[in-house]
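Counting begins at 1 with the first residue of the sequence.
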Amino acid sequence: MKVLITGASRGIGKALIDEYLRCGVEVVGVARNRPEDWPQSTREAFFTCDLSKQDNWPRFFDFVKRKAPFDICIHNVGVNEAKPFVDLDENSVLDQFQINLLFPVVFNQFLLREKLLNSRSSFIFINSLAHFSAYPGSSFYGASKSGLHSFAQGLAVSLKGDFHVLNVYPGPVETEQARANSPLSANSKRMSPQILAQKIVRAQQKRKQTLYPGFLVFAFIILAKVWPWSLEWTLCRSLFRPLLKANPAKV
Ligand SMILES: NC(=O)c1ccc[n+]([C@@H]2O[C@H](COP(=O)([O-])OP(=O)(O)OC[C@H]3O[C@@H](n4cnc5c(N)ncnc54)[C@H](OP(=O)(O)O)[C@@H]3O)[C@@H](O)[C@H]2O)c1
């Protein structure tokens, strides 16, 4: 069994790598940096490149071709920059769409076209609650994740029977991305990346199509559907305002 994970140097991607290595599964990863504790014996199984630059994609695709076939591909790489959207730098906007949406879509197409996955393989998409609710300060991030949601759903329908597609919608997870984009007061509610990784591995093994990790995530989605304005108000007060207070230089 071989797993390919994007955004694998830290956070959720790194926790997934550790979980699969513990299960004795072969892993192949990509990020700009190789994790410090990446096994020396498998150095060639980690590709370092900046995925925000389309010029780097062909080199990465060649690498993937050499490492194929895979049984699971985890589209985990994702970036966010919480800020009022009118103030966001144009490059940051482009990076968010490029990394969160365009790259996984083009890469997925490449994997299928080149037949680099074994039959009945799984695609796992790490999405976000930002898909379900207006997420003040992360409008572009939310838009890119909603695009990814639609793509993954279309893929699940068109590949039904041949491949398995799992969509994961985590709430706040204790990673660098969450620390940079949500205030410290939200710390206590963040899930550990290790716990999330275990839930994802189990959900894939059971061939689930959707994973809402934790009761709070489930409650968030119900609220977003039945009482969206209350959720938007709460997010504004609990995330956006404290973020602006803590980082006045960002405004
Ligand atoms: N943390 C949360 O609360 C949360 C909640 C919901 C969804 N998510 C989603 O979960 C996924 C993982 O997030 P995370 O919290 O683990 O983030 P993270 O800690 O910031 O890790 C992001 C990973 O992506 C890699 N990466 C970033 N920019 C890259 C680039 N230009 N080229 C190649 N690799 C790049 C990073 O490695 P390098 O820096 O070495 O390149 C790192 O391995 C994302 O899709 C995110 O949107 C996170």
Side-chain angles (χ1 to χ4, degrees), residues 1-49 51 60 63-64 67-80 99-100 103-104 107-108 111 116-118 120-129 145 148 152 156 163-179 187-218:
M1 174 126 144
K2 205 187 265 188
V3 183
L4 172 62
I5 305 177
T6 66
S9 66
R10 56 184 152 86
I12 298 168
K14 176 66 170 53
L16 281 163
I17 292 247
D18 292 342
E19 188 60 25
Y20 277 114
L21 285 176
R22 204 170 29 249
C23 299
V25 172
E26 200 178 333
V27 287
V28 172
V30 60
R32 286 168 301 185
N33 305 284
R34 188 181 282 114
E36 279 167 19
D37 61 350
W38 186 263
Q40 275 292 332
S41 54
T42 58
R43 270 187 87 77
E44 75 293 344
F46 201 96
F47 193 80
T48 50
C49 88
L51 295 172
F60 172 60
F63 163 83
V64 168
K67 296 289 167 199
F70 298 96
D71 301 283
I72 302 173
C73 169
I74 308 184
H75 293 291
N76 168 71
V77 70
V79 291
N80 184 13
I99 296 172
N100 300 358
F103 171 73
F107 182 42
N108 215 94
L111 289 170
L116 301 181
L117 290 130
N118 290 319
R120 298 191 45 76
S121 294
S122 297
F123 292 106
I124 304 179
F125 290 88
I126 310 299
N127 208 293
S128 165
L129 289 184
K145 289 295 190 183
L148 191 66
F163 294 96
H164 159 238
V165 177
L166 166 65
N167 283 295
V168 184
Y169 302 92
V173 184
E174 184 50 39
T175 69
E176 226 167 89
Q177 187 180 118
R179 283 191 289 275
N187 249 350
S188 54
K189 292 171 199 136
R190 290 183 193 146
M191 178 178 270
S192 101
Q194 290 74 24
I195 300 277
L196 177 61
Q198 287 164 10
K199 286 179 185 289
I200 293 171
V201 170
R202 271 203 301 275
Q204 186 280 327
Q205 285 166 348
K206 291 182 181 165
R207 298 186 84 74
K208 286 189 171 179
Q209 290 168 9
T210 314
L211 173 64
Y212 304 120
F215 171 75
L216 283 177
V217 166
F218 207 67

Within a radius of less than 6.0 Å around [atom1] of [X], do more than 12 heavy atoms belonging to other residues, nucleotides or ligands occur?
{"X": "R120", "atom1": "CZ", "result": "no"}
{"X": "E44", "atom1": "CD", "result": "yes"}
{"X": "K67", "atom1": "NZ", "result": "yes"}

Quick one: does any side-chain atom of [X] pair with a main-chain N or O of [Y] as donor and acceptor, under 3.5 Å?
{"X": "Q209", "Y": "A156", "result": "no"}
{"X": "H164", "Y": "K208", "result": "yes"}
{"X": "S121", "Y": "F70", "result": "yes"}

Taking every non-hydrogen atom, the tightest pair across [X] and [Y]:
{"X": "A203", "Y": "L166", "result": "CB-CD2, 3.9 Å"}
{"X": "N127", "Y": "K145", "result": "ND2-O, 3.0 Å"}
{"X": "V173", "Y": "A178", "result": "O-CB, 3.0 Å"}
{"X": "F63", "Y": "G29", "result": "CE2-O, 4.5 Å"}
{"X": "P35", "Y": "A8", "result": "CG-O, 3.8 Å"}
{"X": "V217", "Y": "P170", "result": "CG2-C, 4.3 Å"}

Between [atom1] of [X] and [atom2] of [Y], what distance do you get to the nearest 0.5 Å?
{"X": "Y169", "Y": "L129", "atom1": "OH", "atom2": "CG", "answer": "10.0 Å"}
{"X": "K199", "Y": "L211", "atom1": "NZ", "atom2": "CG", "answer": "7.5 Å"}
{"X": "N76", "Y": "I124", "atom1": "CG", "atom2": "CD1", "answer": "10.0 Å"}
{"X": "I200", "Y": "Q205", "atom1": "CD1", "atom2": "CD", "answer": "12.0 Å"}
{"X": "W38", "Y": "L21", "atom1": "CH2", "atom2": "CG", "answer": "6.0 Å"}
{"X": "I5", "Y": "I17", "atom1": "CD1", "atom2": "CD1", "answer": "4.5 Å"}

In terms of the angle between their ring planes, are F123 and F125 parallel, tilted or perpendicular, with boundaries placed at 30° and 60°?
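Plane angle between 30° and 60°, so tilted.
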Evaluate the side-chain proximity of F47 to L4: yes if any heavy-atom separation is below 4.5 Å, no if none is.
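With C-beta onward as the side chain, the pair stays apart.
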Does any non-hydrogen side-chain atom of V79 lie less than 4.5 Å from one of N100?
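Side chain of N100 against side chain of V79, heavy atoms only: contact under 4.5 Å found.
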Could you please spell out the steps behind the side chain to side chain contact (heavy atoms under 4.5 Å, CB included) verdict for S122 and R207?
CA-CA 8 Å; S122 297; R207 298 186 84 74; 3.9 Å; yes
Before you tell me yes or no, could you show the steps for F107 and L51 under side chain to side chain contact (heavy atoms under 4.5 Å, CB included), namely the whole-Å CA-CA distance, both residues' side-chain angles and the distance that decides it to 0.1 Å?
CA-CA 11 Å; F107 182 42; L51 295 172; over 6 Å; no
Any side-chain hydrogen bond (donor to acceptor under 3.5 Å, both in side chains) pairs touching residues 12-24, not counting sequence neighbours?
K14-D18, K14-D37, E19-R22
